[in-house]
Protein chains: 2
Amino acid sequence: MSYYENQTKFLVSVDCVIFGYEEEQLKLLVYPRAFEPVKGSWSLMGGFVKQLESAEEAAYRVLQETTGLSNIFLEQVSAFSGTTRDPFERVISVVYFALIRINQSDEELIKSHGAKWWPVTSLPKLIFDHREMVERSMNILQQKAGSSLIGTELLQKKFTFMQLRKLYEAIYQREFDPGNFRKKILSLGVLEKLDQKNSTESKKGAYYYRLKPNLQVEVLDRIVKI
Amino acid sequence: MSYYENQTKFLVSVDCVIFGYEEEQLKLLVYPRAFEPVKGSWSLMGGFVKQLESAEEAAYRVLQETTGLSNIFLEQVSAFSGTTRDPFERVISVVYFALIRINQSDEELIKSHGAKWWPVTSLPKLIFDHREMVERSMNILQQKAGSSLIGTELLQKKFTFMQLRKLYEAIYQREFDPGNFRKKILSLGVLEKLDQKNSTESKKGAYYYRLKPNLQVEVLDRIVKI
DNA sequence: GCAAAAGTGTTTGCCATACACCCATGT
DNA sequence: ACATGGGTGTATGGCAAACACTTTTGC
């Protein structure tokens with residue numbers, strides 16, 4: 001029996017805006033839609049929410065199924081509910097964005113779906129309102145990365161300042177002064193210098209850093225002025 | 001016929017976090033739930049999304065039905081989709097927050113629902129996850145008000161600097177230096193000084209200001225450091 | 001006259017930006 | 001030797017915060 005009789009029910013899906021970082025470029029995982037309608041068109045990873053899961057759980061499931069990864073950074077962007085956003089049938093979609101380490105993903109699994117990493121600066125045409133979902137996600141990513149070191153989710157666990165800076169340059173599509181960037185990040189007090197050096201990307205070699213383990217407090221200082 | 005066979009459909013509702021401002025306090029419109037289950041418990045204004053409307057349209061409809069107002073500031077907060085958030089039946093809810101001018105609302109209509117304005121600092125116990133919805137909305141309101149003059153949606157069209165400052169003090173639960181606040185806001189260049197004075201709230205009398213008409217550009221400068 | 005808000009000016013310290021400069025090393 | 005990134009230091013300008021001070025007027 002139901003308390004809420006006579007109310008319309010809806011299909012609810014999740015769509016995942018999956019960010020990765022590779023070759024100094026911010027990239028997005030996009031795949032050719034596997035079912036009709038518009039089968040084959042480029043689309044975000046998505047799936048329908050099932051009876052016994054929350055939208056967030058559905059998003060985690062989709063990510064697991066498509067990248068092989070669990071335990072990844074995931075955050076809701078917004079619900080999209082326009083009556084004609086899917087021109088074939090009414091579907092309400094909850095959008096999440098995820099940050100993953102490309103080289104840790106299951107590349108075979110990704111390939112098996114025909115998925116491809118596209119630089120965010122040159123995405124193909126996407127179905128429905130997926131382009132808008134991407135843009136909203138980019139905005140949120142910039143906001144988040146600007147007030148906490150969220151971006152490190154896209155790098156290896158250890159990284160040099162140059163790698164971190166290039167990542168931020170990719171996220172914000174602008175350059176940062178190397179010296180100032182280093183000082184700003186160090187002043188946050190969330191990085192730990194390792195004994196190890198990276199000698200492959202510069203002649204002098206740069207020390208690796210990592211996030212201090214067991215950091216519970218979110219950094220709320222401003223990294224990038226927006 | 002349907003493209004997406006065999007997928008579960010869900011009840012989808014909207015819940016509205018309705019902010020108002022009165023007696024130098026930020027207030028929230030909360031009403032006793034009109035139907036079972038937990039009929040009579042304090043709840044946000046809400047309603048089910050109908051077949052031919054988006055969630056946003058549903059939220060506008062709910063606001064119109066309960067406050068008599070259209071053309072109000074409305075913005076999505078998030079979708080809430082936990083499987084047990086409504087302990088009686090699975091409902092996915094999209095939450096919006098609204099800013100309204102209390103004295104322009106239809107007070108009779110509001111009363112007819114038994115609704116009541118509560119100071120945000122002393123809310124009653126709310127059903128389900130509505131408390132969390134309020135907290136998320138407060139955070140977003142603070143963020144938004146800190147980077148644009150969004151707060152003026154809560155005041156009359158013309159207002160004095162003291163009124164604006166008291167509003168911001170209510171939103172951020174802290175005090176602002178009157179002189180610095182005035183200079184900061186004026187530097188945004190979005191206010192227009194009127195010839196009229198308010199003499200009821202101070203002995204000297206303070207000039208009224210209003211938002212410059214036809215302001216299309218959002219103020220993106222920082223008003224309050226968060 | 002006093003209190004209280006209106007409105008303006010001043011001082012201080014912090015911080016972002018720009019940029020100079022030395023270091024270490026692979027070629 | 002030199003080019004390149006690593007890393008540190010310094011000068012400058014803008015802005016936020018603290019606060020002093022004058023103005024106006026109701027009581």
Side-chain angles (χ1 to χ4, degrees), chain A residues 23-24 142 145-149 155 158-210 219-226, chain B residues 23-24 142 145-149 155 158-210 219-226:
Chain A
E23 296 162 347
E24 303 189 357
Q142 290 189 353
S147 61
S148 71
L149 260 188
L155 295 175
K158 58 182 184 183
F159 47 84
T160 64
F161 265 101
M162 176 161 140
Q163 290 167 348
L164 184 60
R165 179 168 54 85
K166 295 276 188 194
L167 169 62
Y168 267 75
E169 293 180 344
I171 291 177
Y172 288 97
Q173 299 288 314
R174 52 161 284 208
E175 296 192 341
F176 293 96
D177 178 274
N180 294 337
F181 183 80
R182 155 185 295 270
K183 270 177 290 185
K184 178 66 194 170
I185 301 293
L186 280 179
S187 76
L188 301 175
V190 296
L191 291 192
E192 187 175 71
K193 188 178 186 172
L194 302 180
D195 280 336
Q196 211 176 347
K197 269 194 171 186
N198 171 324
S199 302
T200 64
E201 297 182 5
S202 73
K203 294 161 185 171
K204 181 175 176 182
Y207 279 105
Y208 277 116
Y209 287 76
R210 68 167 176 189
V219 186
L220 283 181
D221 205 356
R222 187 142 296 274
I223 301 173
V224 181
K225 228 193 199 161
I226 304 186
Chain B
E23 295 162 346
E24 302 190 358
Q142 289 188 353
S147 62
S148 72
L149 261 188
L155 294 175
K158 59 183 183 184
F159 47 84
T160 64
F161 265 101
M162 176 158 139
Q163 290 167 348
L164 184 60
R165 178 169 53 86
K166 295 275 187 193
L167 169 62
Y168 268 75
E169 293 181 343
I171 291 177
Y172 289 97
Q173 299 288 317
R174 52 162 283 207
E175 296 192 341
F176 293 96
D177 178 273
N180 294 337
F181 184 80
R182 156 187 295 270
K183 271 177 290 185
K184 178 64 194 172
I185 301 292
L186 279 179
S187 77
L188 301 175
V190 297
L191 290 192
E192 186 174 72
K193 187 178 187 173
L194 302 180
D195 280 336
Q196 212 177 347
K197 270 195 170 185
N198 171 322
S199 301
T200 65
E201 297 182 7
S202 74
K203 293 160 185 171
K204 182 176 174 182
Y207 279 104
Y208 277 116
Y209 287 77
R210 67 167 176 188
V219 186
L220 283 181
D221 204 357
R222 186 141 297 272
I223 301 172
V224 181
K225 229 194 200 158
I226 304 186

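Below, read A as the first sequence line, B as the second, and so on, with proteins coming before strands; counting in each chain starts at 1. Side chains are part of it too, since the values below use all heavy atoms of this structure and drop only hydrogens, waters and symmetry mates.
Each of D/dC19, C/dT10, D/dG6 was ranked by its minimum atom distance to the side chain of B/D177; first place goes to D/dC19.
For the pair A/R174 CZ and C/dA18 P, the interatomic distance rounds to 8 Å; values are reported in whole Å. At whole-Å resolution of the value, CD1 in B/I185 and P in C/dA6 are 15 Å apart. We find that CZ of B/F181 is positioned 12 Å from P of C/dA6, with the value rounded to whole Å. Put simply, CD on A/E175 is 13 Å from P on C/dC19, counting in whole angstrom units. Atom P of nucleotide D/dT4 and atom NZ of A/K166 are separated by 12 Å, given to the nearest angstrom. Remark: C1' of C/dG7 and CZ of B/F161 are 10 Å apart, rounded to the nearest angstrom. As a whole-Å value, the separation of B/N180 CG from D/dC19 P is 11 Å. One interatomic measurement links the two molecules: CG of B/L186 to P of C/dA6, which rounds to 13 Å at whole-angstrom precision.
Atom CD of residue B/Q163 and atom CD of residue B/E24 lie 9.0 Å apart, to the nearest 0.5 angstrom. One finds the CD1 atom of B/I185 at 5.5 Å from the CG atom of B/L164 (value rounded to the nearest 0.5 Å).
Side-chain N/O atoms of A/K183 include none lying less than 4.0 angstrom from OP1 or OP2 on D/dT8. Phosphate proximity of D/dG6 to A/R182: absent, as no side-chain N or O sits under 4.0 Å from OP1 or OP2.
Ring geometry for A/Y172 against A/Y168 counts as parallel: the plane angle stays under 30°, on a 0 to 90° scale with 60° as the upper cut.
Remark: B/R182 qualifies as a cation-pi partner of B/F161 under the 6.0 Å distance and 45° angle criteria applied to the six-membered ring.
For DNA chain C, the residues of residues 196-208 of chain B within the heavy-atom distance limit of 4.0 Å (strictly under) are B/S202, B/K203, B/K204, B/G205, B/A206, B/Y207, sorted by number.
When side chains are defined from C-beta on, A/M162 counts as touching A/R165, because their heavy atoms get closer than 4.5 Å.
Considering all non-hydrogen atoms of both residues, A/Q196 and A/K158 come closest at NE2-NZ, 2.7 Å. Of all non-hydrogen atoms in B/A145 and B/I171, the two that sit nearest each other are CB-CD1, 4.3 Å.
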